[in-house]
Structure formats: C-alpha cells, structure tokens
Undergrad: 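Let me begin by handing over the structure; questions about it come next.
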Amino acid sequence: MANDASKTLLPCRQVLVVGGGNAAHVLAALGSHLGHKMHILTTFQDEAERWREAHDVAGGTTVRLSDGRELTGQVAGFFKEPAEAARGSSLILFAVPAFSHQAYLELLAPFIEKGTLLGAMPGQGGFDFVARHVLGALFDELVLFALETLPWACRIGAGEYGRRVDVLSTKKVVDVAVSPASASPAVIAAVGSVIHAYSSLVQSVPAPASHGAVVEGARPELHFVGNILNCTLMNINSVWHPTITYGRYRAVEDLRTVSFETPPLFYEGVDKFTGDKLAAVSDEIRQLKQTLEDRYGIQLPGVRHVREWMQRSYEGEYDEGSDTLEAMIRTNKGYRGLTHPTVRGEDGRYRPNFGYRYISEDVPMGLMAIKGVFDLVGMPSPNVDEVLAFCFRAAGHEFQENNRRPQNYGFDTIDDLITKCRYRD
C-alpha cells in the first residue's frame with residue numbers, strides 16, 4: 001500500500017516554477033508579488049539568463065491583469081541547473097509543455113525532498129504516469145497534483161520576455177486533482193496562495209506572512225475533483241485543438257495545397273460539423289468515465305462534457321443565448337482573434353503549421369493518453385479514432401516514438417494503472 005505522503009508535508013516557503021514561458025511568467029510575477037520566494041528553472045537554450053537580465057533591468061517581472069492593473073514581483077533566482085533551484089523548494093510547479101515533463105523530472109529527481117508538493121499546470125494526459133516511471137519509490141513519498149487547465153489565458157508580448165506578461169482572461173473555476181486525496185487542502189492552500197485563488201475546501205487561501213499588496217479583481221476558484229485520472233481524461237486541449245484542426249481541414253485531400261491570404265480564425269471559425277464532433281468525442285470520454293466508475297469503483301467527477309466545461313470556465317464570456325457548443329465557442333471573448341497555426345511562405349501566403357503544439361503536443365501527450373485508457377478498458381472510441389487518424393495524416397507520422405499512452409510506462413492492465421497511480425486513495 002502507498003505511504004500517506006500528506007503526513008510528511010513540508011511547509012510552503014519557497015516555490016520552484018519549472019519553465020520559462022507565458023504561464024511561468026505569470027506565476028513568477030504574481031507569486032513573488034504576494035511574498036513567496038520564487039525560483040525559476042528552465043534549461044531551454046539561454047532562457048534563464050535572458051529572463052534574469054530583463055528582470056534585473058526592469059526591476060522585476062510585471063503581470064498586466066485583464067483590467068489593466070499591473071503587479072510587479074521580484075524573482076529570487078533563475079537557474080539552468082536543478083540542484084540549487086530545487087534546494088529548499090517545498091512546492092514545485094511544472095509550467096512547461098507535456099513533452100518536457102520527463103526530462104525535467106529526471107533532472108530534479110535526486111534533489112526533491114520527501115513531502116514536497118509536486119504538480120503540473122496544466123497536468124496534461126498522464127502526468128502521474130511519467131512521474132511514477134521516473135521517480136520510482138519516491139513517488140509514494142510525495143504529494144502529486146495536477147490542474148486540469150491553466151487559470152489564465154496569457155501572452156508575453158514582442159520584446160517583453162522577462163519583463164512583462166499579459167493576462168487576457170481568468171477562468172472562473174479550475175479543477176485540481178491531488179494524490180493522495182488527504183493532502184488536497186494543503187495543495188489548494190499552497191497553490192492558491194501563489195496564484196491568488198480561492199476555494200471552498202479551505203477557510204481561506206493564505207498568502208505568506210511577508211505578502212505584498214493584496215490583489216483584487218478576478219480570482220479563479222480551485223475545485224478539488226479527486227485523483228489525477230480526472231485531469232488525464234478531462235484534458236480540454238487534447239479535445240479542443242486536434243478536433244477543431246480536423247474540422248477545419250477535414251475535406252482537404254492534399255494538405256500541402258492549402259494556403260491563405262491571412263491565417264484563419266481558430267475558435268471563431270468553428271462550424272456545426274466541428275461543434276458536433278467535439279460533442280461526440282466528449283460523449284465517448286464520458287462513456288469511458290462511466291465504465292471506470294461502474295466497473296472499477298473509482299470516482300471521476302471532474303470528467304465533464306465539454307459543454308459543461310465551457311459553462312463553468314467562461315460563463316458570461318460568450319454571447320447570452322448561445323444554445324449550441326458551436327455558438328459558445330465562436331462567441332467566447334477569451335477566444336477572440338486566435339488563429340489556426342500557420343507559417344508564412346516566400347510568396348506571402350500562409351500555410352497550415354501542423355508541427356505546432358495543437359497536434360505535436362496535444363495528440364501524443366493528450367488524446368493518445370486517453371486512447372490508451374480506452375484500450376486498457378477494452379472500449380471502442382470511433383470518434384476519437386477519427387480525429388487521431390486525421391492528425392496522424394497531418395503530422396506525417398503516428399507519434400510512436402514519444403507518446404503518453406499508459407502502456408508505454410508499464411501499465412498493462414487497467415487494474416495495474418488504478419493501483420499504482422493511487423486512483424482509489
């Protein structure tokens with residue numbers, strides 16, 4: 001039986017953010033503004049050095065909230081090597097693409113202390129699969145958690161790296177999965193104090209004693225949903241991005257012939273076929289959830305239909321009276337202006353970029369993880385298969401070398417997966 005890692009929790013005094021992108025900038029600025037000692041670990045090229053130089057010149061990293069207010073935080077340290085970055089960090093937050101999880105876990109494993117809170121935001125498909133694979137026995141001495149989605153839509157502007165990041169919108173509710181479940185109040189209190197969230201699970205989400213100015217305005221609610229399989233199956237990006245891409249290009253026989261004068265709108269271009277296909281994929285995942293609950297006795301309250309996800313995340317942000325999933329997506333303010341990934345050719349025309357993360361990450365690290373669970377249970381998934389078949393064609397291969405199917409991490413049966421990943425804890 002797994003140890004109860006919640007009995008040896010470390011106090012949350014220092015936070016390590018893994019990554020150097022948009023979400024990492026928001027975490028660094030907001031967490032340090034609220035008084036946390038924030039460390040940044042990024043091994044990508046010269047990101048750590050670039051961020052430190054820009055941060056020091058600007059006097060900190062600033063987050064501009066959606067209402068125009070700006071908050072600046074002083075980051076304690078930027079690191080390219082894991083030992084010093086991890087030393088003393090009781091909360092470790094991965095804010096990197098899912099394909100980077102394993103490499104960073106392998107770097108950090110020798111330096112992670114027992115009782116550490118270790119999590120990913122978002123915790124795309126099977127974060128716990130790779131964590132158990134890399135960490136071995138240490139897995140049972142840690143508290144693992146995953147946020148189903150990022151709390152914000154955020155972007156670093158041109159020339160602003162290390163200096164400033166914009167929060168375009170804040171989600172109303174973000175589901176959090178925690179293993180073991182007994183540590184959920186500690187996780188939500190710790191994460192909430194960094195991102196200024198609230199939760200009904202704890203009386204109040206505290207900031208550290210040395211906190212900066214109180215942050216008013218939009219705050220996400222952190223909602224505990226149970227085990228991390230909830231986040232693997234409710235990975236909204238792995239449903240949204242591949243399926244919408246499929247919907248846009250489904251009728252094109254030769255994808256190499258497609259070009260545009262301007263990049264087509266991604267969400268605002270969703271048609272009825274695509275809305276229906278999104279619903280059908282979600283229906284299949286919900287059927288998988290029901291089978292897992294009925295047959296294997298695990299609880300998956302966080303696996304919601306994508307329509308319900310839209311209502312919880314963006315209520316009031318899409319046009320009142322939107323009565324279809326298609327309409328909710330097309331009119332959502334948080335999605336305005338976002339386009340299909342493209343590259344501009346020498347002729348000035350734009351062509352699809354199927355190497356972008358909407359396929360290169362969200363398929364192998366998301367939808368294929370879900371498909372792997374379908375296969376372990378022995379359930380058909382024709383709509384998921386249809387989307388995957390298109391994505392494999394667009395990518396030019398089937399991601400056999402690097403994907404997050406549970407079978408690739410030694411889980412040969414659904415009972416094995418449930419037991420080793422603590423889905424009944």
Undergrad: Determine whether the side chains of Thr274 and Asp271 contain a donor N or O and an acceptor N or O closer than 3.5 Å.
TA: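 Asp271 and Thr274 do have a side-chain donor-acceptor pair below 3.5 Å.
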Undergrad: Test your reading of the model: is there a side-chain donor-acceptor pair from Ser193 to the backbone of Ala190, 3.5 Å cut-off?
TA: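 Looks like yes, one N/O pair under 3.5 Å.
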Undergrad: Please tell me whether Phe78 and His55 form a close aromatic pair, meaning their ring centres lie under 6.0 Å apart.
TA: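 Ring centres of His55 and Phe78 closer than 6.0 Å.
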Undergrad: Measure from the side-chain N and O atoms of Thr342 to the backbone N and O of Pro352, and report whether any donor-acceptor pair falls under 3.5 Å.
TA: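 It does not hold such a pair.
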Undergrad: Side chain of Gln299, backbone of Glu293: donor and acceptor closer than 3.5 Å?
TA: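 No; zero donor-acceptor contacts below 3.5 Å.
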Undergrad: Hey, could you give me the CE/OG1 distance between Met379 and Thr291, rounded to the nearest 0.5 Å?
TA: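 Reported to 0.5 Å precision, the distance equals 4.0 Å.
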Undergrad: Under 3.5 Å, is there a donor-acceptor pair between the side chain of Ser238 and the main chain of Asn235?
TA: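 Checked: pair present.
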Undergrad: Answer yes or no: is there a donor N or O on one side and an acceptor on the other, between the side chain of His39 and the main chain of Val15, under 3.5 Å?
TA: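 Side chain of His39 to backbone of Val15: no pair is present.
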Undergrad: Please give me the minimum heavy-atom distance between Thr42 and Ala48, naming the atom from each residue.
TA: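 Residues Thr42 and Ala48, closest heavy atoms: CG2-N, 3.5 Å.
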Undergrad: Taking CZ in Arg405 as the centre, count heavy atoms belonging to other residues, nucleotides or ligands within less than 6.0 Å. Is the count above 12?
TA: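 Enclosed.
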Undergrad: To the closest 0.5 Å, what do you measure between CG (Leu34) and NE2 (His36)?
TA: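 Interatomic distance, Leu34 CG to His36 NE2, rounded to 0.5 Å: 6.5 Å.
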Undergrad: Look at Asp166 together with Arg155 and state whether they make a salt bridge at an N to O cut-off of under 4.0 Å.
TA: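 No, no charged N to carboxylate O under 4.0 Å.
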Undergrad: For Leu300, is there any backbone N or O sitting under 3.5 Å from a side-chain donor or acceptor partner on Lys289?
TA: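 Such a contact is found between Lys289 side chain and Leu300 backbone.
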Undergrad: Does any N or O in the side chain of Asp416 come within less than 3.5 Å of the main-chain N or O of Thr413, such that one atom is a donor and the other an acceptor?
TA: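 No, because the side chain of Asp416 does not come within donor-acceptor range (under 3.5 Å) of the backbone of Thr413.
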Undergrad: Can you tell whether the side chains of Asp276 and Lys272 come within less than 4.0 Å, N to carboxylate O?
TA: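 Lys272 and Asp276: salt-bridged.
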Undergrad: Output, in order, the C-alpha distance, side-chain angles, deciding distance and verdict of salt bridge (Lys or Arg N to Asp or Glu O under 4.0 Å) for Arg87 and Glu84.
TA: CA-CA 5 Å; Arg87 187 177 297 116; Glu84 191 175 352; 5.4 Å; no
Undergrad: Using the side-chain contact (heavy atoms from CB on, under 4.5 Å) rule, take His241 and Arg357 through it: C-alpha gap first, then chi angles, then the decisive distance, then the call.
TA: CA-CA 9 Å; His241 297 155; Arg357 63 179 174 87; 3.7 Å; yes
Undergrad: Quick check for you: to the nearest 0.5 Å, what is the distance between Tyr423 atom OH and Ser179 atom OG?
TA: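 With rounding to 0.5 Å, OH (Tyr423) is 8.5 Å from OG (Ser179).
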Undergrad: Would you indicate whether the side-chain heavy atoms of Val194 and Met38 approach each other to under 4.5 Å?
TA: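 In short, these two side chains touch, coming nearer than 4.5 Å.
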Undergrad: Would Tyr335 and Tyr318 satisfy ring-ring contact (aromatic ring centres under 6.0 Å, His included), going step by step from the backbone distance to the final call?
TA: CA-CA 9 Å; Tyr335 292 160; Tyr318 50 80; 9.8 Å; no
Undergrad: List the steps and the verdict of side-chain contact (heavy atoms from CB on, under 4.5 Å) for Thr331 and Tyr314.
TA: CA-CA 11 Å; Thr331 64; Tyr314 288 111; over 6 Å; no
Undergrad: Is Arg50 salt-bridged to Glu47, going by a charged N under 4.0 Å from an acidic O?
TA: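 Looking at Glu47 together with Arg50, the answer is no, because their closest N to O distance does not fall below 4.0 Å.
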Undergrad: Measure from the side-chain N and O atoms of Ser282 to the backbone N and O of Leu278, and report whether any donor-acceptor pair falls under 3.5 Å.
TA: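 Not at all, since once roles are kept as given, no pair shorter than 3.5 Å links the two residues.
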Undergrad: Mind checking ring pair (Phe, Tyr, Trp, His ring centres under 6.0 Å) for Phe390 and listing every partner two or more places apart, or none if nothing turns up?
TA: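 For Phe390, the residues satisfying ring pair (Phe, Tyr, Trp, His ring centres under 6.0 Å) (neighbours in sequence not counted) are Tyr246.
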Undergrad: Apply side chain to side chain donor-acceptor pair (under 3.5 Å) to Asp294 and Gln290, showing your working.
TA: CA-CA 6 Å; Asp294 293 346; Gln290 196 63 53; 3.1 Å; yes
Undergrad: Could you give all pairs that pass the salt bridge (charged side-chain N to carboxylate O under 4.0 Å, His left out) test and reach residues 170-192, with sequence neighbours left out?
TA: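 Listed by first then second residue: Asp175-Arg304, Asp175-Arg312.
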Undergrad: Between Glu284 and Asn383, is any side-chain donor less than 3.5 angstrom from a side-chain acceptor?
TA: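 On atom types as modelled, these side chains qualify, holding a pair under 3.5 Å.
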Undergrad: For Arg424 versus Ile418, what's the shortest heavy-atom pair and its separation?
TA: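 Answer, listing the atom of Arg424 first, then Ile418: NH1-CG2, 3.5 Å.
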Undergrad: Using the rule given for ring-ring contact (aromatic ring centres under 6.0 Å, His included), can you reason through His101 versus Phe127, listing the C-alpha separation, both sets of side-chain angles and the distance that settles it, and then say yes or no?
TA: CA-CA 8 Å; His101 288 165; Phe127 177 63; 5.0 Å; yes
Undergrad: Looking at Lys371 and Asp385, is any side-chain nitrogen of the basic one under 4.0 Å from a carboxylate oxygen of the acidic one?
TA: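 Answer for the salt bridge query: yes.
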Undergrad: Let's go through Phe399 and Met368 carefully: what are the C-alpha distance in whole Å and the side-chain angles of both, what is the deciding distance for side-chain contact (heavy atoms from CB on, under 4.5 Å) to 0.1 Å, and is it a yes or a no?
TA: CA-CA 9 Å; Phe399 300 99; Met368 290 181 73; 3.9 Å; yes
Undergrad: So which of Val387, Asp362, Ile285 actually passes side-chain contact (heavy atoms from CB on, under 4.5 Å) with Val239?
TA: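 Only match with Val239 under side-chain contact (heavy atoms from CB on, under 4.5 Å): Ile285.
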Undergrad: Tell me whether Arg64 is salt-bridged to Glu70, with the criterion being a basic N under 4.0 Å from an acidic carboxylate O.
TA: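 Yes, Arg64 and Glu70 are salt-bridged.
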Undergrad: Any chance you could lay out the side-chain contact (heavy atoms from CB on, under 4.5 Å) test for Gln407 and Asp375, step after step, and finish with the verdict?
TA: CA-CA 9 Å; Gln407 292 87 341; Asp375 290 345; 3.8 Å; yes
Undergrad: Assess whether atom CD of Glu315 is packed by more than 12 heavy atoms of other residues, nucleotides or ligands within 6.0 Å.
TA: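 Atom CD in Glu315 is not packed in, count stays at 12 or less.
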Undergrad: Can you check whether Gly20's main-chain N or O pairs, donor with acceptor, with Tyr161's side chain at less than 3.5 Å?
TA: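 Yes.
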Undergrad: What do the steps show when you test Tyr350 against His340 for ring-ring contact (aromatic ring centres under 6.0 Å, His included), and what is the final call?
TA: CA-CA 10 Å; Tyr350 294 85; His340 279 267; over 10 Å; no
Undergrad: If I take atom CG from residue Leu222 and atom CZ from residue Phe145, how far apart are they, to the nearest 0.5 angstrom?
TA: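 Reported value, rounded in 0.5 Å steps: 10.0 Å.
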Undergrad: Could you tell me whether the side chain of Thr116 reaches within less than 4.5 Å of the side chain of Ser89, counting heavy atoms only?
TA: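 No, side chains not in contact.
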Undergrad: Test ring-ring contact (aromatic ring centres under 6.0 Å, His included) on Tyr358 and Tyr356; report intermediate values, then the result.
TA: CA-CA 6 Å; Tyr358 286 4; Tyr356 191 66; 5.0 Å; yes
Undergrad: Between atom NE2 of His33 and atom CG of Leu71, what is the distance when rounded to the nearest 0.5 Å?
TA: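 His33 atom NE2 to Leu71 atom CG measures 4.5 Å (nearest 0.5 Å).
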Undergrad: Nearest heavy-atom pair of Ala109 and Leu138: which atoms, and what distance?
TA: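 In terms of heavy atoms, the two residues are closest at O-CD2, 3.9 Å.
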Undergrad: Compare all side-chain heavy atoms of Ile92 with those of Leu117 and state whether any distance is below 4.5 angstrom.
TA: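 The answer is no, as the side chains (C-beta and beyond) never meet within the 4.5 Å cut-off.
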Undergrad: OG1 of Thr243 to CG of Leu367: how many Å apart, nearest 0.5 Å?
TA: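 Result: 6.5 Å between the selected atoms.
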Undergrad: Hydrogens and angles aside, do Trp309 and Thr149 bring a side-chain donor and acceptor to less than 3.5 Å of each other?
TA: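 No - no donor-acceptor pair under 3.5 Å links their side chains.
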Undergrad: Identify the two heavy atoms, one from Trp152 and one from Ala23, that lie closest to each other, and give their separation to 0.1 Å.
TA: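 Smallest heavy-atom distance, with atoms named: CZ3-O, 4.2 Å.
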Undergrad: Please examine the side chains of Met121 and Leu93, heavy atoms only from C-beta on, and report whether any two atoms are closer than 4.5 Å.
TA: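 They are in side-chain contact.
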Undergrad: Please name the pair of heavy atoms, one in Gln14 and one in Ala85, separated by the smallest distance, quoted to 0.1 Å.
TA: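 For Gln14 versus Ala85, the nearest heavy atoms are NE2-O, 4.0 Å.
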Undergrad: Please check: side-chain N/O of Ser184 versus main-chain N/O of Ala181, any donor-acceptor pairing under 3.5 Å?
TA: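 Yes; judged by distance alone, with no hydrogens or angles, the pair exists.
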Undergrad: With a 4.0 Å cut-off on N to O distance, would you call Lys80 and Asp46 a salt bridge?
TA: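 No.
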Undergrad: Write down the atom of Asn230, the atom of Pro301, and the distance for their closest heavy-atom approach.
TA: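 Shortest heavy-atom separation between Asn230 and Pro301 comes out as OD1-N, 3.3 Å.
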Undergrad: I'd like to know if Arg330 and Asp319 make a salt bridge, using a cut-off of under 4.0 Å between side-chain N and carboxylate O.
TA: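 Salt bridge between Arg330 and Asp319, a charged N being under 4.0 Å from a carboxylate O: no.
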